[in-house]
Amino acid sequence: MSSRPNRSPNPGAELLEARIVDALRHRVGKDERSAKPHDWFTAAVQALRDEVIDRWMDSTRRTHAAGAKRVYYLSLEFLIGRLLRDAMSNLGLGREMEQALRAQGLDLAALEDLEPDAALGNGGLGRLAACFMESLASLDIPAHGYGIRYVNGMFRQRIDDGWQVELPETWLAHGNPWEFERRESCYRIGYGGDVVANGDAVVWQPAEMVEATAVDTPVVGWRGKRVNTLRLWTANALDPIRLDAFNAGDHLGALADQMRADSLVRVLYPADSSLAGQELRLRQEYFFTSASIQDIMRRHEQYHGDIRTLPDKAAIQLNDTHPAVAVAEIMRLLVDGHGLEFDEALDITRRTVGYTNHTLLPEALESWPLPLFERMLPRHMQIIYAINSRILRDARRQGMSDGEVAAISLIDEGGERRVRMANLAFAGAHSVNGVAALHTELMKTTVFSSLHKLFPGKINNKTNGVTPRRWLQQCNPALTATIRDAIGDGFLDDAEQLSALNALAGDAALGERIAEVKRANKVALAAHLKELTGIRLNPDALFDVQIKRIHEYKRQLLNLIETVALYDQIRSHPERDWVPRVKIFGGKAASSYHNAKLIIKLAGDIAKRINNDPSVGGLLKVVFVPNYNVSLAERIIPAADLSEQISTAGMEASGTGNMKFALNGALTIGTLDGANVEIKDRVGDENIVIFGLTADEVAEKRANGYNPRAIIEGSRELHQAVEAISSGVFSSDDPHRYRSLMDGLYDHDWFMVAADFDAYAAAQRAVDQRWNDPQGWRRATLHNIANVGWFSSDRTIAEYAKDIWKV
Ligand code: 26V
């Protein structure tokens, strides 16, 4: 490079440019003249990847040499999003990449936009797994994520005439330059068949086998300290084609096994609305769990020999109950494979496994019809019975009541018998954690109260966190630069050092700069949304955002009804000094979730009416952003003024969007639910807007009868808004469209929309008041940014490492 000293002031950029051109020619197979933008994208990734690979191999060598304990994070979902900016930024090569591409006449941001989102998850649970993987690497903890390489991940959402339409996401259409297939790492996964005696022991003889093959993606930690592995399994038939059948003319039948294998890894279940009862889902769960456990145990034997030392060298964390069959699989391999005694095997299993619970909603707790489970996994069923008999015996010995014993059982005996995956995970783990303080307390007093009594001390709390690399540094570079100027670089490595900003709360110039950054982010978002939706937004309006999966408990409906009430108010009192607002909604509904889809349609109907009503004079705009995903979140969150976290108290386990918004200087309007409670504790009561019933009050109302009709009829604003929606004011093409949705509020209102409405509307008017005091708003913004560093997933992972994994 020294031969071309004058071409670029940055030798790193020159070297990278040369590597990109080399990759373009020799790996993509194009020259600079014929290369399309996609070719350049691939070449840029390939060039960066070389740097990643060197560090990856180095990390692996270091782990082997140290003989260190490893963390294994088993998750059916990893919502990792785009990887180019993440890898570039964590390696500190952002500037070099920009210059290298510019030298070739290319724009980095445009190339970044070509990368599809790896959307291998539904929502919070999957995104949490992605943040955890990044933090594990950043904290230099040897870790593997294990999951499924879905060919079609989360569906793409199109809005057709206001209705959600689900389309397959073809994220692999142009290939995936980040992944490495490891043909040598493959395992057989059995299904069905029989358990037969074999001397003193038993063996499972499955009727059917598929092969799991590893596909690895590197996960780059902050400053490139460590590169860990995300290992996703893909499926193949043992015999990809049955030639005899093919030659006999049965051309499709000959491929049936391969098609069955393909179907295992085809789609991610958008199962956020009700348990996907499909047999295929259980097959998927066992597929990835068994492959992962076999891989972990093979690695242990290879490096450490004695399987009895597994708990010293491996910590397996179950992300919800989806991999809970791991408990039975480890037991099976220890007992049937290694000949261990059952009780010793159970002890080893327990010392290795931890379980994280992410929801208390009864309809979301996984259980499988016992006949199905027994047919698919007969040996696992026996093992579950054997574990069950031990814990039920212990419960009875402790004098627990029949009701308590029934609640502890791994089998739900009420009606159709079912296998309870949460109880299995609880019984087979040494640690069971919730994801926010309130959620963890509710675990102890509600769903798991009997198991908590039997195993006191197992339940612990690990409040969720988010990675500040993606959710501050990468998505909001201007804010990051402003903070650096104010308090130096320390917060880049330790987000809690953001607290140094507190001392600068009176610094008007800093407040001004942060406000300018916010405005610029809003201008950029407005331009993007103009392109996506055609709606023009005023960047000086208050950007009020609710982006998350559409669920009745998250109460998008509360926000929409309040929007209608506000619209009504503005029209009735145009003379008042209204704060201009933009209401931004985004989120996917599970394809089978009727009311969630209707709520999307309602948002569109309300938007159409309000946005086209000249009498509101642009004071209120409503936008539903289609196809909400990680990349959209990265654009929207830095531009938000107000973060809507308004779930029915007691129902949102944690929330993680709430943390991302606060970190980017949005104020929260929220209930005392999930991690909102802890956000309030940290930012201070005066820097957050809390309203509504507490979890205790919700429980009390549900227990003692609650009359939503009386409440609706007693609240003029609410009544008018509900009646307007119900009578078709927003749906003249189909006046009854929202009748049953609104009747649901009158008749039962399980999610307490009516009970919280007046408090919510009042809180929104209090937000308006604050907005009219720009100094006060800026101060509150600053205190939010300053005090949410604790919600870094680095802190969360450090707690898991110390308390649960002992690494
Ligand atoms: C939710 C629901 C809600 C409606 C009925 C059926 C159903 C089925 C599944 C789920 C999702 C359960 C697991 C989950 O994604 N939990 C989320 O985990 C996040 C990370 O810990 C947390 O921030 C969210 O509050 C929690 O909903």
Side-chain angles (χ1 to χ4, degrees), residues 78-90 94 112 117-119 121 123-139 219-223 435-436 463-484 491-499 501 514 517-518 521 524-525 543 545 547-548 586 628-641 643-645 654-668 674-676 678-679 682-683 781 784-797:
F78 287 94
L79 197 44
I80 53 185
R82 290 176 174 156
L83 297 182
L84 174 56
R85 195 194 303 180
D86 192 48
M88 214 164 54
S89 159
N90 276 4
E112 281 180 343
D117 267 43
L125 170 144
R127 183 54 232 175
L128 185 77
C131 284
F132 279 8
M133 287 306 297
E134 201 267 1
S135 278
L136 281 159
S138 295
L139 294 185
V219 180
V220 182
W222 174 231
R223 298 201 191 276
V435 291
T463 298
N464 282 166
V466 302
T467 169
R469 269 74 64 185
R470 185 175 289 257
W471 297 111
L472 176 60
Q473 298 181 31
Q474 294 161 30
C475 74
N476 204 342
L479 179 59
T480 305
T482 305
I483 298 171
R484 278 176 93 158
F491 75 100
L492 298 176
D493 295 276
D494 170 12
E496 291 190 54
Q497 290 188 29
L498 286 167
S499 62
L501 286 169
I514 293 176
V517 167
K518 181 66 78 182
N521 292 339
L525 178 64
F543 278 23
V545 184
I547 44 174
K548 50 181 82 241
Y628 175 60
N629 60 11
V630 173
S631 292
L632 269 168
E634 290 167 5
R635 291 181 193 266
I636 296 171
I637 291 170
D641 295 306
S643 156
E644 299 270 354
Q645 309 299 337
S654 162
T656 45
N658 46 4
M659 302 166 187
K660 297 165 194 169
F661 280 103
L663 188 58
N664 284 275
L667 266 53
T668 303
N676 295 352
E678 289 155 89
I679 292 177
R682 291 190 178 262
V683 304
T781 284
N784 269 268
I785 301 169
N787 294 301
V788 296
W790 185 79
F791 296 96
S792 164
S793 44
D794 293 351
R795 186 269 316 154
T796 312
I797 288 297

Q: Test side chain to side chain contact (heavy atoms under 4.5 Å, CB included) on L498 and V788 and set out the steps.
A: CA-CA 8 Å; L498 286 167; V788 296; 5.7 Å; no
**Q.** Side-chain donor/acceptor of N784 to backbone N/O of G665, under 3.5 Å
**A.** no
Q: Could you grab the distance from atom CG of L79 to atom CG of N629, nearest 0.5 Å is fine?
A: 8.5 Å
Q) Between M88 and E112, is a side chain to side chain contact (heavy atoms under 4.5 Å, CB included) present by the stated rule, with each step listed? A) CA-CA 11 Å; M88 214 164 54; E112 281 180 343; 3.3 Å; yes
Q.
Using every non-hydrogen atom in the two residues, find where Y628 and A633 come nearest and quote the distance to one decimal.
A. OH-CB, 3.4 Å
Q) Do you see a donor-acceptor pair shorter than 3.5 Å between the side chains of S138 and R469? A) yes
Q.
Taking F132's backbone N and O only, do any of them form a donor-acceptor pair with S793's side chain (distance below 3.5 Å, no angle check)?
A. no
Q | From W790 atom CH2 to I679 atom CD1, the distance as rounded to the nearest 0.5 Å | A | 10.0 Å
(Q) Out of the candidates R470, R85, E134, only one should pair with N90 under the side chain to side chain donor-acceptor pair (under 3.5 Å) rule; please name it. (A) E134
Q: Rounded to the nearest 0.5 Å, what's the gap from CG on L663 to CD1 on I637? Could you check?
A: 9.5 Å
Q | Close side-chain approach of L472 and F491, heavy atoms under 4.5 Å | A | yes
Q | For C131 against T467, the heavy-atom pair lying closest together | A | SG-N, 3.4 Å
Q: Hey, could you give me the CD1/CD1 distance between I514 and I785, rounded to the nearest 0.5 Å?
A: 4.5 Å
Q | R484, CZ: over 12 other non-hydrogen atoms inside 6.0 angstrom | A | no
Q: Look at the side chain of N464 and the backbone N and O of T656, then say whether any donor-acceptor pair between them is shorter than 3.5 Å.
A: no
Q: State whether the side chain of W222 and the backbone N or O of P468 hold a donor-acceptor pair below 3.5 Å, judged by distance alone.
A: no
Q: Quick one: pull up CG in L125 and CZ in F78 and give me the separation to the nearest 0.5 Å.
A: 9.5 Å
Q: Please confirm whether the backbone N or O of T463 pairs with a side-chain atom of R795, one donor and one acceptor, at under 3.5 Å?
A: yes
Q. If you take all heavy atoms of N476 and P638, which pair is closest and at what distance?
A. ND2-CB, 3.5 Å
Q: Locate the shortest heavy-atom distance separating Q473 from L492; write the atom from each residue and the value.
A: NE2-O, 3.4 Å
(Q) Could you tell me if the side chain of L139 sits less than 4.5 Å from the side chain of D794, heavy atoms only? (A) yes
Q: List the atom of A666, the atom of K518, and the distance in Å for their closest heavy-atom pair.
A: N-NZ, 4.2 Å
Q) How many angstroms lie between CG in L136 and OG1 in T796, if you round to the nearest 0.5 Å? A) 10.5 Å
Q. Would a distance-only check, ignoring hydrogens and angles, find a side-chain to backbone donor-acceptor pair under 3.5 Å from N676 to Q645?
A. yes
**Q.** Qualifying residue, where the test is side-chain contact (heavy atoms from CB on, under 4.5 Å) with F791 and the options are M659, K660, E496
**A.** M659
Q) Can you tell me if R635 uses its side chain to pair, donor with acceptor, with the backbone of L525 under 3.5 Å? A) no
Q | Any donor-acceptor pair under 3.5 Å from S643 side chain to T668 backbone | A | no
Q. Is a side-chain donor-acceptor pair under 3.5 Å present for W471 with N664?
A. no
